[in-house]
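Below, read A as the first sequence line, B as the second, and so on, with proteins coming before strands; counting in each chain starts at 1.
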2 protein chains.
Amino acid sequence: MTIETTAQTEQGVTEITLIKDAEKLVASYPRVPITVDCVIFGFEENELKVLLIRSDLEIFKGEWSFLGDFADNNEELDDAAYRVLRERTGMDDVYLEQVKTFSNPRRHPGGRVLTVAYCSLLNIQHHHLKKMDNELHWHNVNAIKTMAFDHKEILTECYKWLQKRILEHPLGFNLLPEKFSLRELQNLYEAILDTKLDRRNFRKKFFAMDFLIDTGEFEDDVPHRPGKLYQFNFDKYEKTKRKLTGIDF
Amino acid sequence: MTIETTAQTEQGVTEITLIKDAEKLVASYPRVPITVDCVIFGFEENELKVLLIRSDLEIFKGEWSFLGDFADNNEELDDAAYRVLRERTGMDDVYLEQVKTFSNPRRHPGGRVLTVAYCSLLNIQHHHLKKMDNELHWHNVNAIKTMAFDHKEILTECYKWLQKRILEHPLGFNLLPEKFSLRELQNLYEAILDTKLDRRNFRKKFFAMDFLIDTGEFEDDVPHRPGKLYQFNFDKYEKTKRKLTGIDF
DNA sequence: TAAATAATGTGTGATAAATACACTTTAAAT
DNA sequence: ATTTAAAGTGTATTTATCACACATTATTTA
């Protein structure tokens with residue numbers, strides 16, 4: 001009993017020493033500020049959009065950038081990305097995934113800053129930009145020519161990521177309203193993949209997967225025959241492994 | 001002319017001011033030490049291996065970890081990863097790809113350290129561990145139970161990455177000797193994907209792609225009918241978009 | 001109220017890819 | 001000469017991809 005206590009104490013002391021050693025080692029190495037950047041995709045008027053804000057750096061005055069922020073001390077980066085989303089858009093139940101870390105030492109004019117890019121997909125109708133906030137804007141992804149920092153490069157990488165990811169995982173539903181027509185779904189895929197798809201094959205493919213629930217409702221604001229509205233079946237989505245590859249091309 | 005010079009000077013002055021502002025902003029944010037960790041896969045005796053080193057932290061005495069290092073000031077992380085490979089294995093023309101950033105604030109006992117995991121694939125026969133260096137060891141990937149830091153988690157992610165990546169990109173050749181038999185190639189795929197493949201379909205698949213060059217040579221150290229030796233056709237590999245998906249399952 | 005418009009909804013046949021499956025051949029070892 | 005162990009090869013079935021056209025329906029316009 002005495003021995004056991006001693007052993008424990010000794011072990012405790014040793015561990016504290018070892019942690020001190022580790023701390024000393026870590027303290028001796030260069031440190032870098034870390035940011036997260038959220039590349040937030042949306043879909044509206046048949047176009048793939050991305051949510052940008054005017055850079056808050058004078059040197060990039062007028063240029064657009066992603067929503068981002070420095071990571072707090074002891075904040076996990078996923079949490080930082082969710083925090084940025086919450087703080088800037090008011091949403092926190094969105095799809096979010098880490099994509100890539102960018103480390104060019106000259107990417108930030110204020111010195112070396114490392115950034116981790118996160119892609120987020122959100123339904124524009126669920127998110128209403130504050131009217132006065134004209135620093136925030138949804139941009140057509142294909143129309144963006146230049147951005148602040150290395151953000152154009154980040155956008156390119158994230159857009160490629162999205163094109164690939166949407167073929168192996170039906171992420172697109174995160175971008176649509178809760179109830180959507182098959183045309184809207186197809187338009188979304190066409191916008192993201194930047195291609196035309198055959199309507200019959202597209203429908204066949206999606207009906208073959210059991211992702212779609214027929215709501216029995218129809219569109220009611222279209223100047224032509226209204227299409228049926230569907231909902232996404234999240235349960236099936238979790239269970240299936242079926243890929244979306246090979247939609248027509 | 002005078003005006004132009006003045007304008008240039010003024011613009012220069014302004015830019016310097018703006019950069020100072022940016023520097024001030026960056027200086028005000030938390031900084032974190034960054035490491036890269038190289039998850040180096042190899043293939044030997046029909047098993048997928050990963051190259052590990054005994055942790056240099058006393059607190060992890062005896063535990064295994066990836067080859068890693070802190071990023072130098074102003075060093076791009078890809079370069080840091082290549083540097084680690086070069087310094088520790090003597091190789092620098094290896095396949096290397098960024099996989100994921102790990103940021104749990106408690107992942108390092110010496111305080112917050114962020115790490116970026118890189119996967120590397122290398123041909124074990126081209127790399128001869130220094131005989132005395134018994135701190136470095138090739139481990140069977142499936143036999144690893146615990147590791148230092150969060151390296152077991154990193155391994156899991158990188159192994160998943162490899163399994164996925166090898167189906168869309170013929171990376172496997174990086175792990176094989178220059179000349180290899182189809183059996184070796186199939187064994188490699190079976191080891192990585194952890195599954196059995198049909199020999200005829202596997203051959204059909206690889207011959208259909210034009211990745212293989214028939215060397216006309218045969219194995220000569222096997223206790224049975226020797227197989228033909230092939231080389232990988234890097235030119236075709238660059239040109240093709242053909243996927244490796246759907247090998248038998 | 002008839003005609004024009006614009007998109008919905010539906011099926012089949014052709015081609016290509018994935019999969020399942022068994023026997024003969026060859027070289028080395030015994 | 002026999003055994004062993006793997007190489008090498010072909011076909012038939014099923015599944016997925018892809019190309020393609022016409023009737024239907026609600027709205028808008030003349």
Applying side-chain hydrogen bond (donor to acceptor under 3.5 Å, both in side chains), can you list everything that pairs with A/T89, at least two apart in sequence or on another chain?
none
[X] [atom1] to [N] [atom2]: how many Å, rounded?
X      : N      : atom1 : atom2 : result
B/M209 : C/dA18 : CE    : C1'   : 13 Å
A/K228 : D/dT25 : NZ    : P     : 13 Å
A/L197 : D/dT17 : CG    : C1'   : 13 Å
A/D198 : C/dG11 : CG    : P     : 15 Å
A/L229 : C/dG9  : CG    : P     : 9 Å
A/D221 : C/dA6  : CG    : P     : 17 Å
B/F218 : D/dG8  : CZ    : C1'   : 11 Å
B/K205 : C/dA16 : NZ    : C1'   : 11 Å

Using distance alone, with no hydrogens and no angle criterion, decide if B/E157 and B/Y159 have a side-chain donor and acceptor under 3.5 Å apart.
no
Ignoring hydrogens and geometry beyond distance, is a side-chain donor-acceptor pair present between B/S55 and B/S65 at under 3.5 Å?
no
Do NZ/NE/NH1/NH2 and the carboxylate oxygens of A/E47 and A/K49 come within less than 4.0 Å?
yes
Parallel, tilted or perpendicular, as decided by the 30° and 60° cut-offs, for the rings of A/H139 and A/W64
perpendicular
So which nucleotide from C/dA7, C/dG9, D/dG8 ends up closest to the side chain of A/R183?
C/dA7
Could you check which of D/dG10, C/dA18, C/dT10 has an atom nearest any side-chain atom of A/R203?
C/dT10
Apply the side chain to side chain contact (heavy atoms under 4.5 Å, CB included) test between A/L96 and each candidate in A/N174, A/V84, A/L85; give the one that qualifies.
A/L85
What residue among A/Y189, A/F180, A/F232, A/Y230 forms ring pair (Phe, Tyr, Trp, His ring centres under 6.0 Å) with A/F206?
A/Y189
For nucleotides 22-30 of chain C, read 5' to 3', which letter fits each nucleotide if B means a protein heavy atom sits under 4.0 Å from the base, S means only the sugar-phosphate is that close, and - means neither?
B--BBBS--
Going by modelled atom types, is there a donor-acceptor pair between the base of C/dT19 and the side chain of B/K204 at under 3.5 Å?
yes
